[in-house]
Amino acid sequence: MHKSINNLISVKKELEIKSQNHSAEIIAVSKTFPIDKILPLIEYGHEHFGENKVQEAITKWTDLKLKHKKIKLHLIGKLQSNKVKHAVKIFDYIHSLDNIKLASKIEVEQKKINKNVKLFIQINIGNEDQKNGLRPEELKNFYSQCVNEFNLNIIGLMCIPPLTGNMKDYFIKMLNLKNSLGLKDLSMGMSNDYIEAANCGANFLRIGSKIFGERN
Ligand SMILES: *Cc1c(COP(=O)(O)O)cnc(C)c1O
């Protein structure tokens, strides 16, 4: 059996044993990996995959998605507004919505092709200068504008927490923010902290290296 399949199975088993949250969806983050490394997982039946660049996603996934209709593709990286048109076409979920210009552009582009992308609002949960995402105090107004003005399908919140500090504190803050808006979905947890994230209510875990191996 291919290594990535074994890795996925161990991640699932570990989640079953060490977390209370057995319904979390695993997004296999395939950024930088070529199609031949991804195919075994697709053939195994895995459906959720994540990429962080629009152009890379188009190159790798256009044909794959036509062949495998059940695949759900997630954009987990920053989205430039000049790439929204392409992003809306190829992705089923976008995790990096964090400004009004983007919200407005997504509305326009998805109307043109009659599609309703599932969206996460990205939160800069550690208030880090260099990180993308809204500050928590900006969320409420931004959310209502997205829903009322742009008719966007906001399903939840996403974060990439600071590298240092107590992950659990950040994850719990995210859970509380999500619940304060009555949203259902929470995208957090990566190869190093997915158990903790799952235990704090994450239901979309973004796991790359633990499944595909180290990236260059
Ligand atoms: C690359 C990436 C991941 C996956 O990271 P791993 O540590 O390899 O699991 C998750 N989320 C985002 C936003 C990423 O860019």
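For ligands, and for the atoms within them, numbers begin at 1 and follow the listed sequence. Since this is a predicted model, take the numbers as computed values, not measurements.
For atom 4 (C) of ligand 1, the choice among Gln122, Arg206, Lys53 with the nearest heavy atom turns out to be Arg206.
When each atom of ligand 1 is checked for a heavy atom of Gly208 under 4.0 Å away, the hits are 4 (C), 6 (P), 8 (O), 9 (O). Every atom of ligand 1 with a heavy atom of Ile207 under 4.0 Å away is listed here by number and element: 9 (O).
The protein heavy atom nearest to atom 9 (O) of ligand 1 is Ser191 OG, 2.5 Å. Here the protein heavy atom with the shortest distance to atom 12 (C) of ligand 1 is Ile76 CD1, 3.4 Å. For atom 5 (O) of ligand 1, the closest non-hydrogen atom of the protein is Met190 CE, 3.5 Å.
Ring centers of Phe204 and His74: under 6.0 Å apart, within the cut-off.
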* Starting from the C-alpha separation in whole Å, work towards a yes-or-no answer on salt bridge (Lys or Arg N to Asp or Glu O under 4.0 Å) for Glu128 and Lys131. => CA-CA 5 Å; Glu128 296 171 283; Lys131 280 248 171 90; 2.8 Å; yes
* Please step through side chain to side chain contact (heavy atoms under 4.5 Å, CB included) for the pair Lys60 and Glu51, ending with a clear verdict. => CA-CA 10 Å; Lys60 280 154 66 175; Glu51 293 284 343; 2.9 Å; yes
* Apply side chain to side chain contact (heavy atoms under 4.5 Å, CB included) to Leu64 and Phe49, showing your working. => CA-CA 12 Å; Leu64 282 177; Phe49 291 88; over 6 Å; no
* Asked: What's the verdict on salt bridge (Lys or Arg N to Asp or Glu O under 4.0 Å) for Glu16 and Lys13, showing C-alpha distance, side-chain angles and the deciding distance?
  -> CA-CA 5 Å; Glu16 233 165 76; Lys13 275 198 187 132; over 6 Å; no
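The stretch residues 107-121 participates, sequence neighbours left out, in these salt bridge (Lys or Arg N to Asp or Glu O under 4.0 Å) pairs: Glu107-Lys111, Glu109-Lys112.
Close to ligand 1: Arg215, with a non-hydrogen atom less than 4.0 angstrom away.
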All N/O donor-acceptor pairs, side-chain side in residues 178-190, below 3.5 Å, sequence neighbours left out:
residue: Lys178; atom: NZ; partner: Leu183; partner atom: O; Å: 3.4
residue: Lys178; atom: NZ; partner: Lys184; partner atom: O; Å: 3.4
residue: Asn179; atom: ND2; partner: Leu175; partner atom: O; Å: 3.4
residue: Ser180; atom: OG; partner: Leu177; partner atom: O; Å: 2.6
residue: Asp185; atom: OD1; partner: Asn203; partner atom: ND2; Å: 2.6
residue: Ser187; atom: OG; partner: His95; partner atom: ND1; Å: 2.8
residue: Ser187; atom: OG; partner: Arg206; partner atom: NH1; Å: 2.9

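At a 4.0 Å heavy-atom cut-off, ligand 1 touches Lys31 through the side chain alone. In Ile160, the part holding a heavy atom less than 4.0 Å from any atom of ligand 1 is the side chain.
Inclusion of Val29 in the set of residues having an N or O under 3.5 Å from an N or O of ligand 1 is not warranted.
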